[in-house]
Amino acid sequence: MTTIRSLLFVAWLYLSMAIFAVALSPVLLLPYRAPMTVIRMWARFVLFGLRWIAGVKVEVRGLEHRPVGAALIASKHQGMLDVIAPFAFLPDNCFVMKKELMPLPFFGWFAWKTKMIAVDRSAHSKALKDMVRQARTRFAEGRQILIFPEGTRGLPGAAPDYKPGIAALYRDLDSPCVPMATNSGAHWHAKGFRRTPGTVVYEFLPVIPAGLKRAEFMSLLEARIEGASTALLNV
């Protein structure tokens with residue numbers, strides 16, 4: 001039964017992508033808030049199907065720590081859901097994403113129009129400077145900058161590997177950082193099409209204040225995100 005429900009949801013997911021991205025593509029001619037509204041509608045549509053077709057509910061915790069205006073958010077990344085769900089519960093989020101995704105039809109066009117931060121990871125130090133430059137602009141616009149500190153998705157419970165990008169943003173923006181934990185990979189698996197029924201939790205954790213030394217910040221960030229994400233595997 002789980003296999004059938006998973007296949008039905010995959011059909012729902014890709015059909016919805018075609019409907020929203022292709023049929024509503026004329027909004028790309030409008031200011032960025034119009035395509036952002038389309039993405040937010042699509043994210044809620046996906047979560048609706050995820051719950052009622054695949055039996056996977058998405059719950060948001062720690063709302064007292066959720067930022068509203070300009071903010072830096074560092075999140076655990078375990079699967080594709082992590083780049084969809086935040087559009088449903090953050091007011092104006094902006095992802096740090098791989099630049100090679102930008103040329104993709106519709107996906108890349110919407111990402112460009114909504115001012116996502118595209119980074120060429122092969123450029124190394126130049127990429128870091130470019131990411132920080134874009135982040136300053138988005139931050140000044142009052143947006144929530146969401147970055148995955150590990151740079152890529154990892155399996156639930158796997159040893160973390162935090163990259164320097166988050167430390168660079170934390171230092172340069174001189175901003176507090178909101179950690180976010182999740183157990184998404186336990187239900188929306190990184191590989192394959194199966195969706196395991198249950199509850200995916202996104203949990204905003206206590207804010208890390210600005211101004212900490214790099215080593216202290218990185219240690220505290222990893223401890224909070226990994227500890228909370230591991231705890232959520234028991235949900």
Side-chain angles (χ1 to χ4, degrees), residues 31-33 35-37 39-40 43-44 47 58-78 81-98 110-119 127-151 153 160 162-184 200-214 216-229 232:
Y32 98 91
R33 290 197 179 277
M36 178 63 81
T37 297
I39 295 175
R40 290 167 63 83
R44 294 189 177 107
L47 297 189
V58 173
E59 178 183 330
V60 183
R61 298 180 183 176
L63 292 176
E64 67 274 18
H65 304 302
R66 179 177 58 177
V68 175
L72 175 62
I73 303 172
S75 176
K76 187 67 178 174
H77 185 27
Q78 296 180 345
L81 183 60
D82 304 332
V83 299
I84 299 174
F87 286 107
F89 56 76
L90 284 171
D92 196 8
N93 62 306
C94 173
F95 277 102
V96 176
M97 58 179 284
K98 295 184 291 187
F110 272 87
W112 171 77
K113 188 65 179 184
T114 53
K115 306 178 186 180
M116 298 295 131
I117 298 174
V119 178
L128 203 60
K129 292 177 182 177
D130 187 45
M131 177 184 70
V132 169
R133 178 186 59 79
Q134 293 182 68
R136 285 196 207 114
T137 303
R138 301 288 86 82
F139 197 82
E141 294 170 348
R143 301 185 67 180
Q144 300 86 50
I145 299 169
L146 198 158
I147 183 172
F148 300 123
E150 295 170 273
R153 60 193 178 188
Y162 282 47
K163 302 295 192 295
I166 179 60
L169 291 179
Y170 173 75
R171 180 194 66 242
D172 194 85
L173 295 175
D174 192 24
S175 167
C177 179
V178 181
M180 187 166 72
T182 189
N183 63 342
S184 63
V200 168
V201 177
Y202 288 95
E203 183 176 5
F204 291 101
L205 305 171
V207 177
I208 297 176
L212 299 182
K213 297 292 185 181
R214 174 174 173 152
E216 182 182 5
F217 165 70
M218 292 296 284
S219 176
L220 184 56
L221 180 71
E222 183 175 327
R224 286 193 181 175
I225 292 178
E226 297 305 315
S229 295
L232 289 175

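Nothing here was measured: the structure is a model prediction, and the numbers come from that model.
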Taking side chain as C-beta onward, heavy atoms only, is [X] less than 4.5 Å from [Y]?
X: C177; Y: L221; value: yes
X: I147; Y: M131; value: yes
X: D130; Y: V119; value: no
X: P164; Y: R214; value: yes

Exam field: side chain [X] to backbone [Y], donor-acceptor pair closer than 3.5 Å:
X: D82; Y: Q78; result: yes
X: R224; Y: P206; result: yes
X: S175; Y: Y170; result: no
X: R143; Y: A135; result: no

Dump the intermediate steps for side-chain contact (heavy atoms from CB on, under 4.5 Å) on L232 and R61, then the final yes or no. CA-CA 11 Å; L232 289 175; R61 298 180 183 176; 3.8 Å; yes
Between [X] and [Y], what is the shortest heavy-atom contact and its length?
X: I225; Y: A74; result: CD1-O, 3.4 Å
X: F89; Y: R66; result: O-NH1, 3.0 Å
X: D92; Y: Q144; result: N-OE1, 2.7 Å
X: S184; Y: L81; result: CB-CD2, 4.4 Å
X: F204; Y: G62; result: CB-O, 3.3 Å
X: R138; Y: K115; result: CD-O, 3.1 Å

Stepwise, does the side-chain contact (heavy atoms from CB on, under 4.5 Å) test hold for I73 with N93? CA-CA 9 Å; I73 303 172; N93 62 306; over 6 Å; no
Separation between [atom1] of [X] and [atom2] of [Y], rounded to the nearest 0.5 Å:
X: E141; Y: T137; atom1: CD; atom2: OG1; answer: 6.5 Å
X: L220; Y: L212; atom1: CG; atom2: CG; answer: 7.0 Å
X: E59; Y: E203; atom1: CD; atom2: CD; answer: 9.0 Å
X: T182; Y: K76; atom1: OG1; atom2: NZ; answer: 10.0 Å
X: R136; Y: L173; atom1: CZ; atom2: CG; answer: 8.0 Å
X: L90; Y: L146; atom1: CG; atom2: CG; answer: 6.5 Å

F87-F95 aromatic ring centre distance below 6.0 Å: yes
Is there a side-chain contact (heavy atoms from CB on, under 4.5 Å) between N183 and V200? Walk through the geometry before answering. CA-CA 6 Å; N183 63 342; V200 168; 4.0 Å; yes
Take V132 and L169 through the side-chain contact (heavy atoms from CB on, under 4.5 Å) test and state the conclusion after the steps. CA-CA 6 Å; V132 169; L169 291 179; 4.1 Å; yes
